[in-house]
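One structure is given below, encoded as structure tokens.
Side chains included, hydrogens not; waters and symmetry mates left out as well; all remaining heavy atoms used. None of these values were measured; they are calculated from a predicted model.
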Amino acid sequence: MKIKLKIWRQENATAKGKFVKYQLDDVSPDSSFLEMLDELNQDLIQKDDDPVVFDHDCREGICGTCGLYINGRAHGPQKGSATCQLHMRSFKDGDTITVEPWRAKAFPVIKDLMVDRSAFDRIMVSGGYISINAGSAPEANNMPVRKENADMAFDAATCIGCGACVAACPNASAMLFVGAKISHLALLPQGQPEAEERVLEMVNQMDLEGFGNCSNNYSCEAECPKEISVGNIARMNAQFFGAKLKSGKK
Amino acid sequence: MTKLDAKIPEGPLAKKWTRFRNTCKLVNPANKRKLDIIVVGTGLGGASAAASLAELGYNVKVFCYQDSPRRAHSIAAQGGINATKNYPNDGDSIYRLFYDTIKGGDYRSREANVYRLAEVSSNIIDQAVAQGVPFAREYGGLLDNRSFGGAQVSRTFYAKGQTGQQLLLGAYGSLNRQVHQGKVKVYARRDMLDIVLHQGKARGIITRNLITGEIERHTAHAVVLATGGYGNVYFLSTYAMGANGSPAWKAYKKGAYFANPAFVQIHPTCMPVKGEHQSKLTLMSESLRNDGRIWVPKKKEDAEKLRKGEISPNDLGEEERDYYLERRYPAFGNLVPRDVASRAAKERCDNGFGVGTGQAVYLDFRDAINRMGKEAVEAKYGNLFEIYKKINDENPYEVPMKIFPATHYTMGGLWVDYHLQTTVPGLFAVGEVNFSDHGANRLGASALMQGLADGYFVLPYTLSNYLSDELHTPRLTTKEKEFDEVEEQINERLEKLMNIKGSQTVDAIHKRLGHIMWDHVGMSRTKESLEEALKMLPELRKEFWNDVKIPGHQHGVNPELMKAGWVADFLELGELIARDALQREESCGGHFRQEYQTEEGEALRRDDEYSFVGAWEYKGDDQKPEMHKEDIVYEVTERKTRSYK
Ligand SMILES: Cc1cc2nc3c(=O)[nH]c(=O)nc-3n(C[C@H](O)[C@H](O)[C@H](O)COP(=O)(O)OP(=O)(O)OC[C@H]3O[C@@H](n4cnc5c(N)ncnc54)[C@H](O)[C@@H]3O)c2cc1C
Ligand code: FES
């Protein structure tokens, strides 16, 4: 198939970016979106042009490294998948496809389509864990966990940390990401002892990173490659206010 | 030939690890604060090691090429992790997991290491559950298990098809806690370019910052490599795109022996290759073999009609299908170990029974759906079916999946002793990058177990034992002349690469390397094919160094330059794999030499002559490497011909 591309090119974080047009004449509908970009890059290199920089690694929708804003949608048109799981058969012969990086103040562009998502790591460092040293854990089956809770915790924990929720949100809010992380641990008995400190620390760090507020737009859930539910945001809010009341902090 | 000393503790097998822990040297807490450790890699091996070492009080610096430690390749592991809890009460024990692993590895792994692995396996589950890893549970709230290839008990813990993700997030949590406490510093988006030795010991590394292009120096009292496997030497594989063998290769060139490079695992259930545009092969978890049945048509005519699309697999009745694994291996059926299943698929396809492009067989859930109901199948495998559907645009609830073997795991790797130390003092290797526990073939759900065993439970003891002698070794500055020398070599190499300005892209050469490796050093090898590869590889390497084309600059973001460095190393590593495969005149585990098979076409192991680890020593770029042997001596296990019939 023939594909026209409009790709955002930007030399570095401070440079001004612009769209550049490209064309590919022989794309296999079986190739993945990223394989199509590989092909473009092979062409560009052969023409002594600068290849398009984009992040990717596992190419099977689990590492959360890839993330492109395709035709105005985070990870493109296919529901419940990351950019690397998108195949060219989702497009029509002759289509023009617009490709942009995640756009959010907290995710500065590094080059072209590659952005800096280290803010997510800093949020996790602020409290997204259970404090347990290697070797000191009790026997695993000593603490049964309601299957329903374990399954809900798992669903929240499947978040791949790609940042699509932030990119999709008109306010560039990270509430779905943080909500999923809080919920995962809050739903398990093991997560209880530190639950209050955790939610206060993580929400605080999220605000410091410059993510926006949630205005119940729900495009985060719609674009999430793992279809993480916005119910996790509600759970986080409940936890947060509960913890805040208790701690007596403002 | 020198004798390699594996430093295995004295005493009966079951007491060795306890004895080691009781007698190893310790470092007191005040002294731990004075010692620095570098960990390269943030997968299960690296993240668990870095977190545990920091918990003990050491200062840890950890490195990865991704933008976050949480994205290491371990994240992609699907099926599960083994442990000897024996919750199902089906007869599992430490000894059985030990025995299955030794047998699964076709009697080419070290007894003491494997026993220790089985011994600590159950602690891993405790640790993970305490970290909040949401393993699958039964209605009573207790942990659920499933069975995996090469075992007759259910000992695999899992979190749907995302076990690696959940275990890695657990380890990443522990790592983050130490970052929070200031005991770990993370250096993401770094490519490790070399190791620096000082007075014969590993004392630092040099990295390239993948954003700025800066060359950076780091010092420590010990260096731990946890950089994963080298399967991408085949270009197409189930590995992440960035998985590379370079850190291990640099270690080899600095004097660490490389053991059993020819032991590469080809996984039987992957999505088949479709075309030249393809950049990776997606794994379909082995757990699917619990309920799916593998078959090809009995008649070649039917296979041909299927390939042409004239009939659909559902048109073929029971009588017309050859469930070849169930036929050949009635005791284990579809659950034979990976190497056996992979070769059987290749055998059928090579003989004209393949479907799809001719290089594929069916994995069919029709009977499972009839037996358990669609809902039950969906609950167990739903997400895997979804993955399949997305990639192939076919619905596996209705038409059988098409699968074919692909490169998946490398049992070979840096030689380490019982302490997980390489032949370079102060240089340790954990996880897939070492060769230690899986012999000639790894059983499913055992890599996650090994990575975490190494990091959480073994290295904290063995590295402390090493460091107890380094208390008086002062911190190095990065101004030492050894750093200057290594950095100079690195800069020369980078400049050389940038200045070739040839006509072939890095990927183009990598693909050609992959073809040579798959065709000549793949699932089934011969003396001729290997000798041919040993002629082709140096030629391709020459071509690379004369004709590769790398765009952009040495400074700033340049993924092509990073890949070029990795492919340059793969070109050399590929040769060592072929050399090792040629040397090993037997068939065992993942290494199948056509000349050595039984009349029924099963692997013919030659214990009298090849019961050793082949550990290769680098002798210089234009010199042949020298192989050293570590004899594999079994005190407890009785060697048998592996039979799954
Ligand atoms: C698709 C798939 C499914 C699997 N499923 C299972 C399963 O169900 N059960 C099981 O037991 N095993 C499974 N495995 C195998 C298992 O996942 C791996 O063997 C294991 O995760 C390897 O872990 P590791 O810590 O050794 O290395 P990895 O997770 O590969 O991590 C390597 C680390 O090293 C870093 N690194 C590498 N090169 C460099 C460099 N040049 N510079 C700096 N840093 C570098 C990377 O950034 C990364 O952090 C699976 C493998 C695959 C491919
Ligand atoms: S590349 Fe890993 S999720 Fe897309």
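Neither the backbone nor the side chain of A:Arg122 has a heavy atom closer than 4.5 Å to any heavy atom of chain B. Of the atoms belonging to A:Asp55, it is side-chain heavy atoms, and not backbone ones, that fall under 4.5 Å from chain B. For a residue to count as touching a neighbouring chain, one of its non-hydrogen atoms must lie under 4.5 Å from one of that chain's; by this rule A:Val145 touches chain B with backbone and side chain alike. When heavy atoms are compared at a cutoff of 4.5 Å, A:Leu44 does not approach chain B at all.
B:Arg177 and A:Asn133 share a donor-acceptor pair across their side chains, judged by distance under 3.5 Å alone. At a cut-off of 3.5 Å, with distance as the only test, a side-chain donor of B:Tyr172 or A:Asp121 sits close to an acceptor on the other residue.
Note: A:Arg59 leads A:Met36, A:Lys111, A:Arg59 in heavy-atom pairs under 4.5 Å with chain B. For the set A:Ser136, A:Pro189, A:Gly135, A:Ser32, the entry with the most heavy-atom pairs within less than 4.5 Å of chain B is A:Gly135. The choice from B:Ile550, B:Val506, B:Leu142, B:Val179 that makes the most heavy-atom pairs within less than 4.5 Å of chain A is B:Leu142. Highest contact tally toward chain B, considering only A:Pro138, A:Ala150, A:Ala156, A:Ala153, is held by A:Pro138 [criterion: heavy-atom pairs under 4.5 Å]. The most heavy-atom pairs under 4.5 Å with chain A, out of B:Asn392, B:Asn123, B:Ile124, come from B:Asn392.
Contacts between residues 68-77 of chain B and chain A, counted as heavy-atom pairs separated by less than 4.5 Å, involve B:Ser68, B:Pro69, B:Arg70, B:Arg71, B:Ile75, B:Ala76. Contacts from residues 176-187 of chain A to chain B, taken as heavy-atom pairs separated by less than 4.5 Å, involve A:Phe177, A:Lys181, A:His184, A:Leu185 in sequence order.
The two residues B:Asp126 and A:Ala140 have their closest heavy-atom pair at OD1-N, 2.8 Å. Between B:His277 and A:Ser28 the shortest heavy-atom distance is NE2-OG, 3.6 Å. Looking at every heavy atom in both residues, B:Glu560 comes nearest to A:Pro51 through CG-CG, 4.4 Å.
Looking at B:Lys390, its side chain never comes within 3.5 Å of a backbone N or O of A:Gln78 through a donor-acceptor pair. Of the possible polar contacts, none joining the A:Glu60 side chain to the B:Thr282 backbone as a donor-acceptor pair under 3.5 Å is found. A:Gln46 places a side-chain N or O within donor-acceptor distance of the main-chain N or O of B:Ser503, the cut-off being under 3.5 Å. For the pair B:Gln131 (side chain) and A:Ile132 (backbone), a donor-acceptor distance under 3.5 Å is absent. Distance alone, capped at 3.5 Å, is enough to place a donor-acceptor pair between the A:Asn141 side chain and the B:Leu143 backbone.
By the neighbour-count criterion of 12 heavy atoms within 6.0 Å, atom OH of B:Tyr461 is sparsely surrounded, having that number or fewer from other residues, nucleotides or ligands.
Residue pairs meeting the ring-ring contact (aromatic ring centres under 6.0 Å, His included) criterion with at least one member in residues 129-153 of chain A: none, sequence neighbours excluded. Each side-chain hydrogen bond (donor to acceptor under 3.5 Å, both in side chains) pair with one or both residues in residues 160-171 of chain B, not counting sequence neighbours, appears once here: B:Gln162-B:Gln165, B:Gln162-B:Asn383.
Just one residue in the list A:Asp57, A:Thr65, A:Leu34 forms a side chain to side chain contact (heavy atoms under 4.5 Å, CB included) with B:Met241, and that residue is A:Asp57.
Looking at B:Lys274 and A:Glu35, no side-chain N of the basic residue comes within less than 4.0 Å of a carboxylate O on the acidic one, giving no salt bridge.
Taking 4.5 Å as the limit, every side-chain heavy atom of B:Gln278 sits out of range of all side-chain heavy atoms of A:Asp30.
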